[in-house]
Amino acid sequence: MPLVTSKEMFENAYRGGYAIGAFNVNNMETIQGIVSAAREENAPLILQVSAGARKYASPIYLKKLVEAAVEDSGLPIVLHLDHGDSFEICKDCIQMGFTSVMIDASSHSFAENIKITKNVVDYAHDKGVVVEAELGRLSGVEDDVNVSAADSSYTDPAQVEEFVSKTNVDSLAIAIGTSHGAFKFKGEPKLRFDILEEVGKRLPGFPIVLHGASSVPQYLVEIINQYGGNMPGAQGVPEDMLRKAASLSVCKINIDSDLRMAVTGTIRKYFQENPSHFDPRQYLGPARNAVKEIVKHKIQYVLGCSGKA
Ligand code: G3H
Ligand code: 13P
Ligand code: ZN
C-alpha cells in the first residue's frame, strides 16, 4: 500500500468517535518505535515532519524512512507537513510526495489566513494532497515559532464556517487551551470544550485537529528529574480530556513532547546506570522501545484507534 491521505481515516474516525495519532518524527528510531506500536495495535497512523525536522534530518531521509515504514508495516500511513508557514514549504513537500500538509497562517489576519490557506489548498488539491489549516493561536515554543501566552488566542467559532467555505480546507486546527511543549498549564488544566462543541455544531462532520496534545506523563517527568534532568512543574493535557475531544469532532491529535520525553528520560537513565557504555545502539534501542510503549498506550487509552487500520 502506498502512502495515503487522511481523508478516509478522518471520515471513519469522525463516525467512530476516535482520533488518529499524529506523531512528530526526526529520526529512524522514533519512526520505528511509533510504527511498531501501530503495527501491534493495527492502528492507522500520521507521521508528521516539522520545518525543524526537515532542517535536522533533511527531507529526503525522512521521506525514505517513512516509505520504509509503509513497506515494512503494510499500515495506512499519512506523511504530513506540520506547521508549514509558507506556500513554498507546502509546495516543496507536495512535490516530494507528502500526502498531507498543514499551512499555518494563524499568525496573520483572518483575511490573510484565508488567502494564504486557499492558495495552498488550490495547489494541493490539484495534486491529490489534503490540507490542514489553523484558526486561533496556541501558545508555546517550537523551533521556528515562539508564541507567548499573551499572543495566543482561542478560536472564535463564529469564524469557522466562513473560513472553511472560503478556503475549502480539509481539516482545521483550533485553539481551545492546549499549547506546545511540556509546560501547558500553570494551575488546574482547563480546555474550552464549549468552543469545541460550538465548532462541531457549525461544521457537522468536519474533522478538527488538536495540537499541543501531549499529556506529559508523570512517570516520564519523574525519570527525567531523577536522572539529572530538571522539569519541575511540567504538566500536559489530562488523558480523559483528550479522550473526550476524540469522542467529539477531533479526528487528529498531535503528539511530540511525550515522545521527546520518553527518549530523553530513557537515555538519561541509561547513562547513569551504564556510564562507561558508548555504543549508540545500546541507548537508542531502549529509547526506541520507550517510544513504542508510549505510542501503544496512546493508541489504546487516548486515541481509541486500535484495530482501525
Ligand atoms: O508543534 C510542533 C512540534 O512539536 C515540532 O516541533 O518545530 O521543534 O520540530 P519543532
Ligand atoms: P506537543 O508539544 O503537546 O507534543 O504538541 C505537538 C504538536 O502540536 C505538533 O504540531
Ligand atoms: Zn502543533
Side-chain angles (χ1 to χ4, degrees), residues 6 19-27 30-31 33-34 45-59 61-62 78-86 89-90 93 98 100-107 131-147 149 151-153 155 171-185 189 191 208-217 220-221 224 231 233-239 241-242 245-246 250-265 290-291 294-295 297-298 302-303:
S6 48
I20 315 292
F23 300 98
N24 285 76
V25 298
N26 295 279
N27 60 35
T30 305
I31 292 173
I34 297 165
L45 196 56
I46 299 173
L47 296 175
Q48 55 188 15
V49 169
S50 69
R54 280 169 46 105
K55 233 181 274 167
Y56 173 76
S58 163
Y61 280 84
L62 295 174
V78 176
L79 177 56
H80 175 74
L81 168 67
D82 190 28
H83 292 284
D85 65 354
S86 66
I89 191 172
C90 294
C93 288
F98 281 49
S100 174
V101 293
M102 176 188 191
I103 175 68
D104 181 357
S106 60
S107 61
V131 181
E132 171 186 332
E134 181 165 324
L135 201 50
R137 282 203 95 186
L138 273 71
S139 67
V141 181
E142 302 143 45
D143 266 1
D144 293 327
V145 194
N146 183 348
V147 185
D151 287 334
S152 66
S153 59
T155 302
S171 61
L172 186 64
I174 63 170
I176 59 168
T178 62
S179 62
H180 293 111
F183 299 85
K184 298 185 191 295
F185 303 100
L191 291 192
I208 298 302
V209 178
L210 205 56
H211 282 245
S214 277
S215 51
V216 186
L220 289 177
V221 178
I224 289 173
M231 297 184 75
Q235 199 185 5
V237 185
E239 290 188 348
M241 290 190 188
L242 295 167
V250 170
C251 296
K252 173 174 180 270
I253 290 190
N254 282 16
I255 298 163
D256 186 2
S257 298
D258 285 350
L259 307 190
R260 295 178 180 199
M261 289 176 67
V263 168
T264 302
V291 168
I294 192 162
V295 171
H297 176 87
K298 300 280 176 194
V302 177
L303 303 158

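As the structure lists them, so they are numbered: ligands from 1, and atoms in each ligand from 1.
- Residue, atom and distance of the protein heavy atom nearest to atom 7 (C) of ligand 2 are H180 CD2, 3.4 Å.
- Closest heavy-atom approach to atom 6 (O) of ligand 1 among the candidates R260, H211, R54: R260.
- Checking I294, L45, D256, V291 one by one against F23, the side chain to side chain contact (heavy atoms under 4.5 Å, CB included) holds for a single residue, L45.
- Those atoms of ligand 1 that come under 4.0 Å of a heavy atom in D256, given as number and element, are 3 (C), 4 (O), 5 (C), 6 (O).
- Within the model, atoms CG of L62 and CG of L47 stand 10.0 Å from one another, a figure rounded to the nearest 0.5 Å.
- Residues K184 and S214 have side chains that never bring a donor and an acceptor to within less than 3.5 angstrom of each other.
- The closest approach of H180 to the Zn ion (ligand 3), by N/O/S atoms, is made by NE2.
- Ranking protein heavy atoms by distance to atom 2 (O) of ligand 2, first place goes to S257 OG, 2.7 Å.
- Atoms of ligand 1 lying under 4.0 Å from any heavy atom of H83, numbered from 1 in the order shown and given with element: 1 (O), 2 (C).
- Between atom CG of residue N24 and atom OG1 of residue T30 there is a gap of 10.0 Å, rounded to the nearest 0.5 Å.
- Nearest protein heavy-atom neighbour of atom 8 (O) of ligand 2: G212 N, 2.8 Å.
- Within ligand 1, the atoms closer than 4.0 Å to a non-hydrogen atom of N24 are 3 (C), 5 (C), numbered from 1 in the order shown.
- Among the atoms of N24, none of the N or O lies under 3.5 angstrom from an N or O of ligand 2.
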| said: Please evaluate residues R54 and I89 with respect to the criterion side-chain contact (heavy atoms from CB on, under 4.5 Å), reporting the C-alpha separation (whole Å), side-chain torsions for both, the decisive distance (0.1 Å), and the verdict. | reply: CA-CA 10 Å; R54 280 169 46 105; I89 191 172; 3.7 Å; yes
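- The residue from D82, I46, L138 that alone fulfils the side chain to side chain contact (heavy atoms under 4.5 Å, CB included) condition with N254 is D82.
- Note: E132 CD to Q48 CD = 7.5 Å, rounded to the nearest 0.5 Å.
- Closest to the Zn ion (ligand 3) among the N, O or S atoms of H83 is NE2.
- Residues F98 and L81 come closest through the heavy atom pair CD2-N, 3.6 Å.
- When only interatomic distances are considered, the shortest N/O to N/O separation between D258 and ligand 2 does not fall below 3.5 Å.
- Put simply, NE2 on H83 and CD1 on I103 are 11.5 Å apart, with the number rounded to the nearest 0.5 Å.
- Once rounded to the nearest 0.5 Å, the distance linking CD1 of I174 with NE2 of H211 reads 11.0 Å.
- Using a 4.0 Å cut-off between heavy atoms, A182 makes no contact with ligand 2 at all.
- One distance of note links CD1 of I176 with CD1 of I208; it measures 9.5 Å at 0.5 Å rounding.
- Contact annotation for N26 and ligand 1: no heavy atom of the residue comes within less than 4.0 Å of the ligand.
- Looking from atom 3 (O) of ligand 2 to the surrounding protein, the closest heavy atom is K184 NZ, 2.5 Å.
- On a distance-only criterion, G181 and ligand 2 share at least one N/O pair closer than 3.5 Å.
- For D82, every heavy-atom contact with ligand 2 shorter than 4.0 Å involves the side chain, none the backbone.
- Those atoms of ligand 2 with a heavy atom of H83 less than 4.0 angstrom away are 10 (O).
- The backbone N or O of R137 sits nowhere less than 3.5 Å from a side-chain atom of S106 that would complete a donor-acceptor pair.
- Within 6.0 Å of CZ on F185 lie more than 12 heavy atoms contributed by other residues, nucleotides or ligands.
- Close approach to I255 involves these atoms of ligand 2, each under 4.0 Å from a residue heavy atom: 4 (O).
- Taking every non-hydrogen atom of H211 and a distance limit under 4.0 Å, the qualifying atoms of ligand 2 come out as 8 (O), 10 (O).
- Every heavy atom of M102 sits 4.0 Å or more from the atoms of ligand 2.
- Its N, O or S atom nearest to the Zn ion (ligand 3) is what matters here, and for H211 that atom is ND1.
- Each of the following atoms of ligand 1 lies closer than 4.0 Å to a heavy atom of D82: 1 (O), 2 (C), 3 (C).
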